J.: 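Encoded as structure tokens, here's the structure I'll be asking about.
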2 protein chains.
Amino acid sequence: MVTLAEVARHAGVSASTVSYVLSGKRSISAPTRERVEHSIKELGYHPNAGARALASSRSNILALMVPLRTVYVPVMMEIAIAVATTARSHGYDVLLLTGEEGPAAVRRVTGSGLADAMIVMDVELEDERLPLLHAARQPTVLIGLPADTVGLTCVDLDFTATGALCAEHLAELGHREIAVVGEAAAVYERHTGFAERTLEGLRRRAGELGVRLLHRPCEGSYESMDGTLSRIFDERPGTTGFVVQNEAAIDPLLSLLRRQGRAVPEDVSVVAVCPEQVATQASVRLTSVAIPAEEMGRRAVELAVAKLAGQPLEEQVTLLAPELTVRASSGPAPGTS
Amino acid sequence: MVTLAEVARHAGVSASTVSYVLSGKRSISAPTRERVEHSIKELGYHPNAGARALASSRSNILALMVPLRTVYVPVMMEIAIAVATTARSHGYDVLLLTGEEGPAAVRRVTGSGLADAMIVMDVELEDERLPLLHAARQPTVLIGLPADTVGLTCVDLDFTATGALCAEHLAELGHREIAVVGEAAAVYERHTGFAERTLEGLRRRAGELGVRLLHRPCEGSYESMDGTLSRIFDERPGTTGFVVQNEAAIDPLLSLLRRQGRAVPEDVSVVAVCPEQVATQASVRLTSVAIPAEEMGRRAVELAVAKLAGQPLEEQVTLLAPELTVRASSGPAPGTS
DNA sequence: TTGTAGGCGTTATCAT
DNA sequence: ATGATAACGCCTACAA
């Protein structure tokens with residue numbers, strides 16, 4: 001293994017000079033710099049990560065905690081990829097932690113100095129990792145909002161506004177009875193913020209606009225969607241608008257509506273909360289509020305990097321404004337002039 | 001930050017004793033061990049990762065290179081999660097690298113000693129990272145097969161056998177004209193091994209069994225599936241069997257067949273190559289060959305760990321045997337007694 | 001602009 | 001069974 005010292009010898013300079021050429025923390029004369037850079041190339045030198053971490057107490061690693069359970073959801077992967085690529089562009093690598101270990105993972109990573117900062121996905125309202133994250137000397141950025149955000153840096157889509165936006169869109173089209181196909185029951189039981197906040201936004205705005213709202217959780221399989229749909233139409237036969245939040249439920253919903261002879265958007269309108277890709281690849285191009293996964297991942301890294309640079313953060317909570325894109329799945333309520 | 005030295009002082013022993021209590025590399029008397037462990041708890045000591053890596057030249061980190069392009073595919077995510085959890089159970093953390101950087105990432109990680117071993121997903125037949133991986137001092141495990149596997153450790157589903165199995169199943173049911181809905185054209189252009197090998201297995205076995213085979217790549221959107229389907233039936237109106245390899249094409253295919261009035265499995269049979277979850281959650285429970293994502297990830301880690309332990313590996317290439325599960329999407333060809 | 005030297009926290013070799 | 005004490009490779013005041 002080539003060391004800094006060997007490079008220094010080869011270039012005829014001292015070790016510190018090589019170090020400074022690498023870090024750029026002091027000015028180096030052009031000829032010296034060239035000699036050193038040439039030696040680095042020629043010897044194929046790569047700084048040793050461990051030594052660097054020890055001496056500088058910086059690992060140049062960002063830890064990313066991903067949820068274990070909900071992870072097959074493409075959104076999570078998209079965020080993870082965005083985190084990884086953005087991190088690289090700032091000189092950081094990403095350590096992948098699964099939620100499996102729970103708080104222990106936080107202890108391990110913060111305690112060992114393995115990572116310089118943590119990004120935590122899928123935060124629950126009363127997340128058991130929060131106390132540890134508060135106590136850690138590494139900065140943390142949450143993707144998602146816990147109940148209490150005091151002293152925390154968070155990034156998330158503004159799901160309350162998202163819910164409101166969906167309600168508004170359908171109300172404007174004349175729909176008076178809206179059904180919400182929600183996330184799986186387990187998601188609500190875990191008190192994941194986004195699901196509850198979306199619902200709250202929907203309810204409030206629907207109330208303001210005089211629209212009736214019915215919410216039903218849904219697992220996302222054809223069977224469960226079938227049952228959910230029956231119960232919805234049993235209870236509210238006049239339902240003409242749907243808001244779907246569960247990605248997995250989208251295809252089943254469209255498919256079942258078609259099978260029941262309900263045309264989209266002539267008979268019923270559907271608005272989805274999902275990534276763009278899902279909305280445009282469904283059997284009907286969906287009117288949707290995009291989940292800006294890439295942006296969330298990117299912003300989280302940028303905030304983490306800013307914190308590491310010691311920049312005081314102006315906003316502690318970054319809520320991304322939702323944008324609703326009208327596509328082919330929503331139209332005027334039946335009987336509307 | 002609490003250091004080993006502080007623990008030693010607190011426990012009234014030398015630093016090396018504490019180190020050995022932690023590593024278990026030499027026997028420690030019960031009382032001493034207890035004192036040390038007590039001090040560790042009381043002071044909240046955590047070994048410093050950088051120092052450890054420097055002194056032992058082991059980072060206890062496994063690098064995982066995930067593909068950038070095809071990554072939103074659930075299979076990839078599942079593998080990644082399996083890698084992360086298995087790695088943890090062996091005391092390793094996982095560094096997430098995206099294919100974006102290409103060979104440079106390999107250089108960086110191997111050169112810096114950031115990771116003790118690498119696991120590379122989505123290997124192409126002539127992968128440009130292979131030469132570097134060969135030269136690296138860290139062991140590597142590939143998920144997927146390149147053209148030349150000499151000196152490499154690889155894990156993959158036996159896709160050739162998978163193709164053969166699909167052909168057999170349909171042939172046994174009396175189907176004489178089979179269409180293969182393949183991966184997106186880009187996948188073949190990149191010379192990804194699994195796609196070509198599946199096709200090869202299909203073609204060979206179909207040939208042996210006197211079954212006609214038509215292969216068409218497919219992007220996975222409804223539009224492209226629609227076009228693909230038309231062309232298939234134009235060219236081979238007698239097609240009664242389908243093999244789908246592109247996860248994204250499954251829902252569109254089923255949906256379009258239904259719309260065309262072709263019943264599954266009465267008129268046409270469909271066999272998919274996909275994760276179990278996808279097969280059981282589709283609108284028709286699919287006869288399928290499972291892609292054992294979890295097992296692939298797990299095996300890859302186990303192989304990497306074995307290599308790190310210096311165990312000579314008996315098998316360099318691990319091909320997992322495919323298993324076909326018959327569900328509701330395949331049945332006798334129409335007109336078969 | 002460049003060199004010198006001490007220290008970062010662990011591991012592991014030699015002693016005892 | 002335990003202790004001293006070199007490394008490990010790099011960073012960064014402090015000097016020159």
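The structure presented is a predicted model; accordingly, all values stated were derived computationally and were not measured. Chain identifiers are assigned alphabetically (A, B, ...) following the order of the sequence lines, protein sequences preceding nucleic acid strands; residue numbering begins at 1 within each chain.
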J.: Mark up nucleotides 8-14 of chain C, 5' to 3', with B wherever a protein heavy atom is under 4.0 angstrom from a base atom, S wherever such an atom reaches only the sugar-phosphate, and - elsewhere.
T.: BBBBBBB
J.: Between Ser89(A) and Thr86(A), do the side chains contain a donor N or O and an acceptor N or O under 3.5 Å apart?
T.: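 Per modelled atom types, Thr86(A) and Ser89(A) side chains form no pair under 3.5 Å.
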J.: Would you indicate what Thr32(A) reaches in the nucleic acid, counting non-hydrogen atoms under 4.0 angstrom: base, sugar-phosphate, or nothing?
T.: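 The residue Thr32(A) makes sugar-phosphate contact but no base contact.
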J.: Can you give me the closest heavy-atom contact between Leu125(B) and Gly193(B), atom names plus distance?
T.: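 That closest heavy-atom pairing would be CD2-CA, 3.7 Å.
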J.: Would you say the side-chain atoms of Asp93(B) pair up with the backbone N or O of Ile61(B), donor to acceptor, closer than 3.5 Å?
T.: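 No: the side chain of Asp93(B) does not pair with the backbone of Ile61(B).
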J.: So, is Thr17(B) close to the dG3(D) phosphate, meaning a side-chain N or O under 4.0 Å from OP1 or OP2?
T.: yes
J.: Indicate, with a heavy-atom threshold strictly under 4.0 Å, whether Gly12(B) touches base, sugar-phosphate, or nothing.
T.: sugar-phosphate
J.: Can you tell me if CZ on Arg107(A) sees more than 12 non-hydrogen neighbours from other groups inside 6.0 Å?
T.: no
J.: Does a sphere of radius 6.0 Å around CD in Glu42(A) hold more than 12 heavy atoms from other residues, nucleotides or ligands, not counting ones at 6.0 Å or beyond?
T.: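 Counting neighbours around CD of Glu42(A), more than 12 heavy atoms of other residues, nucleotides or ligands fall under 6.0 Å, so yes.
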